[in-house]
**Q** 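First the structure, which I've put down as structure tokens, then a few questions once you've had a look.
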Protein chains: 2
Amino acid sequence: MRDEVDDLVEAWRRERGDLDLAPVEVFSRISRLARHLDLARRDAFTAHGIESWEFDVLAALRRAGQPYELSPGRLLRETLVTSGTMTNRVDRLAGRGLVERLPDPRDRRGVLVRLTADGKAAVDGAFEALLAAEADLLADLPDRDRTQLASLLRSLLAPFS
Amino acid sequence: MRDEVDDLVEAWRRERGDLDLAPVEVFSRISRLARHLDLARRDAFTAHGIESWEFDVLAALRRAGQPYELSPGRLLRETLVTSGTMTNRVDRLAGRGLVERLPDPRDRRGVLVRLTADGKAAVDGAFEALLAAEADLLADLPDRDRTQLASLLRSLLAPFS
DNA sequence: GGGAAGTGTCTTGATGTCGAGATATCGGCC
DNA sequence: GGCCGATATCTCGACATCAAGACACTTCCC
């Protein structure tokens with residue numbers, strides 16, 4: 001089986017045969033898979049009426065467990081965006097009624113963002129759709145290979161944590 | 001060895017123990033690795049005075065081989081951006097003298113974008129730096145594992161091509 | 001207690017990308 | 001030969017993000 005990266009590597013080998021292209025075989029595939037995955041996510045979510053960035057925020061709140069509250073600061077660390085972006089996102093999510101902003105009783109500088117019942121329903125539905133879409137992409141991969149792939153990826157990712 | 005995704009999966013399992021989270025183990029790692037990789041790329045390139053989007057365009061031209069010419073349409077398909085974005089990118093690259101725009105002798109609607117000598121030098125240097133940075137990230141992975149990882153990723157990516 | 005440094009959130013201006021539409025040219029068909 | 005849909009590129013307005021700075025409050029230490 002041949003993929004886009006085989007073509008890419010072949011072209012580079014033709015032009016720069018002096019270089020060791022082994023890293024490209026791994027990282028180029030990771031980048032491209034991430035891009036395709038973003039599109040698949042988008043599709044899975046639009047069926048549920050939410051967008052990817054909305055899911056990122058709602059899912060962080062959902063994972064936190066009851067009472068589904070996190071500070072904006074915590075949210076931006078979880079989702080890797082800047083504070084200005086998070087303000088904008090929370091504004092829009094609150095406008096749609098999926099979250100609400102509460103004063104932090106412990107710190108008067110602070111705010112808590114809380115998932116509403118609508119928000120919880122939205123994120124739960126979207127997550128199930130996402131898992132289903134992702135399971136499709138893995139359908140042809142034997143369990144054994146999937147486990148090993150996860151394990152190899154973990155060993156690449158761990159140094160970043 | 002434990003990574004960020006182990007924490008993520010643990011949180012989801014606590015909240016949604018009813019779902020099969022196996023896909024998350026694979027795809028969440030791919031997304032996160034892609035993000036970290038983008039940052040590593042950025043660092044490697046800034047040392048060479050170019051930005052990631054510039055590399056994407058220049059590398060496509062470089063891979064095409066002599067005379068290092070591609071149409072804007074071909075470039076936008078290779079780099080997965082829209083036509084408006086590509087116009088803007090070629091404008092800026094031409095402004096820096098890394099590419100030049102020529103009329104397509106075969107089609108008067110068309111344009112060819114050609115790598116200049118400066119552009120070729122820039123992309124070659126940047127590519128070597130990128131390979132070196134990526135090789136570092138793979139340093140702890142035995143050759144055998146790297147090969148197998150590439151192969152497993154290929155089987156996921158191939159259906160998209 | 002009071003001052004200074006630190007922390008948390010929001011505001012603002014700049015920028016890169018997208019998406020839709022405009023213009024020019026090509027290629028096939030009657 | 002001339003028309004019409006398809007193609008190639010560029011233009012323009014909208015928008016999400018980032019980065020830096022403003023402001024309010026807290027925490028630590030003298």
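Letters go in sequence order (proteins before strands), and every chain restarts at 1.
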**Q** Are OP1 or OP2 of C:dC18 and a side-chain N or O of A:R42 less than 4.0 angstrom apart?
**A** no
**Q** Grab the CG-C1' distance between A:L76 and C:dG8 for me, whole Å please.
**A** 9 Å
**Q** Taking the side chain as every heavy atom from C-beta outward, state whether B:D118 and B:L98 have any atom pair closer than 4.5 Å.
**A** yes
**Q** For C:dT17 and B:R92 - does any side-chain N or O of the residue sit under 4.0 Å from the phosphate oxygens OP1/OP2?
**A** yes
**Q** Determine whether a donor-acceptor pair (N or O, by modelled atom type, separation under 3.5 Å) exists between the side chain of A:R29 and the backbone of A:E25.
**A** yes
**Q** I want to confirm an ordering. Mapping A:V111 and B:N88 to their closest nucleotides on DNA chain C, which one lands closer to the 5' end?
**A** A:V111
**Q** Could you tell me how far apart B:D38 (CG) and D:dT17 (C1') are, to the nearest whole angstrom?
**A** 15 Å
**Q** With heavy-atom distances below 4.5 Å as the criterion, would you say the side chains of B:R16 and A:D124 are in contact?
**A** yes
**Q** Distances under 3.5 Å between protein N/O atoms and the N/O atoms of nucleotides 21-27 of chain D, please, pair by pair.
**A**
from	atom 1	to	atom 2	distance (Å)
D:dT26	OP1	A:R108	N	3.2

**Q** In this structure, how many angstroms lie between the P atom of D:dA8 and the CE atom of B:M86, rounded?
**A** 14 Å
**Q** What pairs of residues pass the side chain to side chain donor-acceptor pair (under 3.5 Å) test when at least one of them lies in residues 149-159 of chain A, not counting sequence neighbours?
**A** A:R154-B:D6
**Q** Less than 4.5 Å apart, any side-chain heavy atom of B:W53 and any of B:T85?
**A** no
**Q** Output the rounded distance in Å from CG (B:D104) to P (C:dA24).
**A** 18 Å
**Q** Could you list the donor-acceptor pairs under 3.5 angstrom formed by side chains in residues 72-79 of chain B, with sequence neighbours left out?
**A**
from	atom 1	to	atom 2	distance (Å)
B:R74	NE	B:E78	OE2	3.4
B:R74	NH2	B:E78	OE2	3.2
B:E78	OE1	B:R63	NH2	3.3
B:T79	OG1	B:L75	O	2.9

**Q** Applying ring pair (Phe, Tyr, Trp, His ring centres under 6.0 Å), name anything that partners B:W12, two or more places apart in sequence or on another chain.
**A** A:F127
**Q** Would you kindly give the CG-to-C1' distance between B:D91 and C:dT15, to the nearest whole Å?
**A** 15 Å
**Q** Using a 3.5 Å cut-off and no angle test, enumerate the donor-acceptor pairs between side-chain atoms of residues 37-44 of chain B and protein atoms at least two apart in sequence or in another chain.
**A**
from	atom 1	to	atom 2	distance (Å)
B:R41	NH2	B:D56	OD1	3.0

**Q** Take atom CG of A:L112 and atom C1' of C:dT9, then tell me their distance rounded to the nearest Å.
**A** 12 Å
**Q** Which nucleotide in the list D:dC18, C:dC10, C:dC18 gets nearest to the side chain of B:T85?
**A** C:dC18
**Q** Tell me, yes or no, whether the heavy-atom count around B:R144 atom CZ, taken from other residues, nucleotides or ligands under 6.0 Å, exceeds 12.
**A** no
**Q** Name every residue in residues 50-75 of chain A that has at least one heavy atom under 4.0 Å from any atom of DNA chain C, in order of residue number, or write none if there are no such residues.
**A** A:S71, A:P72, A:G73
**Q** Looking at the side chain of B:R101, which of C:dC10, C:dG16, D:dC10 is the nearest nucleotide?
**A** D:dC10
**Q** Which whole-number value in Å describes the distance from A:L39 CG to C:dC18 P?
**A** 11 Å
